Asker: 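The structure's right below; bear with me while I get my questions together.
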Amino acid sequence: MALKVYNTISGRKEDFVPVTEGKVKLYVCGVTVYDHCHIGHARSAIVFDTIYRYLRSKGFDVTYVRNFTDIDDKIIRKSHAENIPWQEVGQKYIQSFYEDMDALGVLRPDHEPRATQHIGDMIALVENLIEKGHAYNIGGDVYFSVDSFRNYGQLSGRPLEEMVAGARVEVDEKKKNPLDFALWKASKEGEPSWDASFGAGRPGWHIECSVMSTLYLGNPFDIHGGGKDLVFPHHENEKAQTEAATGEKFVNYWVHNGFVNIDREKMSKSIGNTLLIRDFLKEYHPEVLRLFYLSNHYRSPVDYNGQTIDDVNTALHRLYYTRERAQEAQIGKTFEVRSYPQAEEIAKKFAEAMDDDFNTAAALSYIFELSKEINRMVEKKDESATALIASAEAVFESLAGTLGLLGDNLESLESREKIRHLTRMGFDASFVEGAINDRVEARKSRNFQKADEIRDMLAEKGIMLLDTPKGTQWRIKSSVS
RNA sequence: GGCGGCAUAGCCAAGUGGCUAAGGCAGCGGUCUGCAAAACCGUUAUUCUCCGGUUCAAAUCCGGAUGCCGCCUCCA
């Protein structure tokens, strides 16, 4: 099976051929650490986490690098505003980032360099570009000259002349071309700075990724990823400066994920509709967000709204219930393990979907198909099927795991909801259990009217009851607020 | 002004030339139940925004119309 990857630079799916057979070098632009992360950051993290997981499951030896931008204008602004050292701003939000990512089940990349750890390498790259005539120094500010690089605009598909005509570029008299971008910003009062042969200052934004990606992954490397908005100018500029310096190709495959809208509106700080990951997690299990994103193709925009999230939440529970039933069906049974051809067939289709530019939405459909298949077998209550159930369940878990799903257990999935709900409603579990006991008594004496009254009373409080062979259990009705 | 994307059932959403148009949610029918609920099973688009065209064959390709959206400025 050949993996195909959509390459932004060509605008089409291409066969994936790694630089070194069996290995994949993956670089993804991380976050600028000046605030808590929102669910848009989560999409990028989850998309590339899934790509990382899948490539590894295919047997590739993957080196995954994701950076932290820990020096930039926004960080400095925050440090002034809150009157704390800029280093502390970075430290604080790196920690916040890790809390969020760990909660979301996003695997740690192999390397997570910070911009400030590689200032020396950036200075060397700027010197190189000045030497080669691709950069010029004006009063300590060093700019990259876009006119000196023939292929400028290749990635984003914008001819130079038209971009200049675009007129939305801030005109800076110092620049030779309005599109020239800063490699190095001259030292200013109250800002961090590093000494360099061309004058003290701090690096521009794009230079760090050029340095860190090639340093850890070589040149060229396989996949460079990030949000769609980074295509221009960030990645275009990274590409220009790197290729101008090395004279070689920088990246083979450019992969960009689409954006997140909220209620059909762009999520942005100015509109004030950003949803932080930590706020989302107060309401839903982290895998709800993952399943939501993976239900959409990574390149499409997605619309976040309460209705859809509740639907996804229900769907996620379905997968957990299937696993629970499959496991219960095996308890106390002895059987010989054997493979189950239908499950293998589904696993094959799953891989084909993932090989087709990481089509997680299609891949998910096979997981649900397998879920249904398992349920059918369990439902038959046929002892001889136990071995098949066991092997189908193993495949089911393996596929889900490749997408980062079913990493929790059902009890934890449900208990989170219960705790949240009870806290909000202002009563505790003992109240619910007391009411359930009363109802059990009423039912024993066949006083069904009273039993139903208790059930209705709890239902009004968002608690639903389930009379199971193991006794009466309770759950939270979804979307009760 | 320039560049690009999207339009598929009540909702979300995959599918880019040809088997019965995935999957999820909701709905409906059933199993179960004191009745329910949950869970599970079954079922739900002769049709893919509209109009032309290419083709033996199009949701899929081409042209046009309409609507929605993104990027071009920091942004995942």
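All figures in this text were calculated on a predicted structure; none of them were measured in a lab. Letters A, B, ... are given to chains in the order of the sequence lines, protein chains preceding strands, and every chain is numbered from 1.
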Asker: Are any of A:Asn375's side-chain N or O atoms less than 4.0 Å away from OP1 or OP2 of B:rC41?
Answerer: yes
Asker: Taking only side-chain N and O atoms of A:Asn359, does any of them lie within less than 4.0 angstrom of OP1 or OP2 on B:rG15?
Answerer: yes
Asker: Tell me whether the side-chain N or O atoms of A:Arg299 pair up with the base of B:rG5 as donor and acceptor below 3.5 Å, since no angle test is needed here.
Answerer: no
Asker: Verify the contact: side-chain N or O of A:Trp474 to OP1 or OP2 of B:rA37, cut-off strictly under 4.0 Å; return yes or no.
Answerer: no
Asker: Using purine N1 to pyrimidine N3 plus N6-O4 or O6-N4 for Watson-Crick, or N1-O2 and O6-N3 for G-U wobble, both under 3.5 Å, which nucleotide pairs with B:rG67?
Answerer: B:rC6
Asker: Can you check each nucleotide of nucleotides 21-27 of chain B against protein heavy atoms at under 4.0 Å and return B for base, S for sugar-phosphate only, - for none, in 5' to 3' order?
Answerer: -BSBS--
Asker: For A:Tyr320 and A:Asn409, test the side chains for any donor-to-acceptor distance below 3.5 angstrom and give the result as yes or no.
Answerer: no
Asker: Scan residues 69-77 of chain A against RNA chain B and write down, sorted by residue number, each residue with any heavy atom closer than 4.0 Å; if none is found, say none.
Answerer: A:Lys74
Asker: Using the P atom on both, measure B:rA76 against B:rC71 and round to a whole Å.
Answerer: 12 Å
Asker: Has A:Asn257 got a side-chain N or O lying under 4.0 Å from the OP1 or OP2 atom of B:rA76?
Answerer: no
Asker: Report yes if a side-chain nitrogen or oxygen of A:Lys444 is closer than 4.0 Å to either non-bridging phosphate oxygen (OP1 or OP2) of B:rG34; otherwise report no.
Answerer: no
Asker: If only side-chain N and O atoms of A:Ser300 are considered, is one of them under 4.0 Å from the OP1 or OP2 phosphate oxygen of B:rA14?
Answerer: yes
Asker: Working to the nearest 0.5 angstrom, can you tell me the gap between A:Glu112 CD and A:Met101 CE?
Answerer: 10.0 Å
